[in-house]
There are 2 protein chains.
Amino acid sequence: MRPQKVQDEQMLNGLMAVMRAKGYDGASLKELSEATGLKKASLYHRFSGGKKDMASAVLAHLEGIVNTHIYKVLTDESRPHTERLGKVISGINDMYKGGLETCMYRSLSLDSGISLFGDQIKQGIDLWINSFISFGMDRGMSRKEATQKANQTFIEIQGSLVLSKSIGSTQPFADVLKAIRKRYE
Amino acid sequence: MRPQKVQDEQMLNGLMAVMRAKGYDGASLKELSEATGLKKASLYHRFSGGKKDMASAVLAHLEGIVNTHIYKVLTDESRPHTERLGKVISGINDMYKGGLETCMYRSLSLDSGISLFGDQIKQGIDLWINSFISFGMDRGMSRKEATQKANQTFIEIQGSLVLSKSIGSTQPFADVLKAIRKRYE
DNA sequence: GTCTATATAATGATAGAC
DNA sequence: GTCTATCATTATATAGAC
């Protein structure tokens, strides 16, 4: 077989960047092609289902990232709680470029995205929240308290990203990360 | 002049519903036409600047809604604090249909929307947050504390709407409204 | 596996009759 | 002010050469 011009990971990063910024409807094949360095026909060769398949692959890729940078870190019982917490917060900060980047789940949460990928979105968010529930219970919280705090954590991150983007300042996001650290330490 | 087939308010409601659900890129003239009951050419007659003008008019209309249901209520010194608070929370609950509806500002906050309407979005959100800052100071908080709580309020509403939409449950939004009531009473 | 070229449908937008 | 008909452009998607 002929070798891939662009490796999967690099291609997925390109697809992800465009879809995160433009949403599903706004992400055109033209832009996806430019961002990945592959011509439209080549993308169709790799994704026989077209743009739907690309978005689905992006969400699967993202779930892998959540798994690596959140779930695995928070449930790594070989490391102390404070170390896990610091690592996960720094990971989240990187994920959103300090508050400059939108959340992929939010970009794909308009009607078209929800109806096409609702299950995948829910699954990714569940993984995220469940990671924090496990961590909270591991820290001695009741299931109820851990669930409440995990939801609050997710809500604050999403909300602060909306606010940061809207007012053009990363301050709300940075403040929220501080509050989350305090919540769990 | 020939009378309008559809009144401004009704037309704006139709435009708003589609743009809120689909975002700017996803809102096609076809859908906007169907939702308003006006043919495409009629919409262009009313909005010479095309779709951009429609979105801009929707944002202006929305700012009016925020002004009426949030700013004016929270700063109405002729009524007691608890009454203002109850009224504004019930208004917010209605605005988002109890957590079922997305926030317009979020739908238009993808790249295309931000670059076209960033200033209008920021202005609407500022009005929202400043209303809560005024209310908090009116309740005796320092400016710093009132600002922090107003930001937190906005963040929680936005975040809970994202979460509610994603997991298909209005519970997070309802919980957040309760927490906000408690924060100010 | 990637490409150029092309097919086909949908989009935002206008022209001109009523 | 609203409409039907149409334009030019862009969109998603495919065919077939290399």
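Every heavy atom of this structure was used, including side-chain atoms; hydrogens, water molecules and symmetry mates were not. Naming: A, B, ... by sequence-line order, numbering from 1 per chain.
- When the C1' atom of dC3(D) is taken as reference, atom NZ of Lys5(B) falls 9 Å away, rounded to whole Å.
- Between Glu145(B) and Lys149(B), at least one side-chain N (NZ, or NE/NH1/NH2) sits under 4.0 Å from a carboxylate O, which counts as a salt bridge.
- With rounding to the nearest 0.5 Å, the separation of CG in Leu12(B) from CE in Met19(B) is 10.0 Å.
- Ile129(A) pairs with exactly one of Asp126(A), Ile125(A), Leu127(A) by the side-chain contact (heavy atoms from CB on, under 4.5 Å) rule, that one being Ile125(A).
- Taking a cutoff of 4.0 Å between a charged side-chain nitrogen and a carboxylate oxygen, Asp76(A) and Lys87(A) do not qualify as a salt bridge.
- Taking atom CG of Leu43(B) as the reference point, atom P of dT11(C) lies 14 Å away to the nearest angstrom.
- Of the residues in residues 6-23 of chain A, none has a non-hydrogen atom less than 4.0 angstrom from any atom of DNA chain D.
- For His69(A), the NE2 atom is loosely surrounded, since the number of other residues' heavy atoms within 6.0 Å does not exceed 12.
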Which donor-acceptor pairs under 3.5 Å do the side chains of residues 176-185 of chain B make with protein atoms, sequence neighbours left out?
residue   : atom : partner   : partner atom : Å
Arg183(B) : NH1  : Thr153(B) : OG1          : 3.1
Arg183(B) : NH2  : Glu156(B) : OE1          : 3.1
Arg183(B) : NH2  : Glu156(B) : OE2          : 3.0

Contact state string [nucleotides 4-18 of chain D, B base, S sugar-phosphate only, - no protein heavy atom under 4.0 Å]: B------SBBBB---

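- OP1 or OP2 of dT2(D) has not a single side-chain nitrogen or oxygen of His45(B) nearer than 4.0 Å.
- Within 6.0 Å of atom OH in Tyr71(A), 12 or fewer heavy atoms from other residues, nucleotides or ligands are found, so the atom counts as exposed in its surroundings.
- The CG atom of Leu38(B) sits 6 Å away from the P atom of dC3(D) (whole-angstrom rounding).
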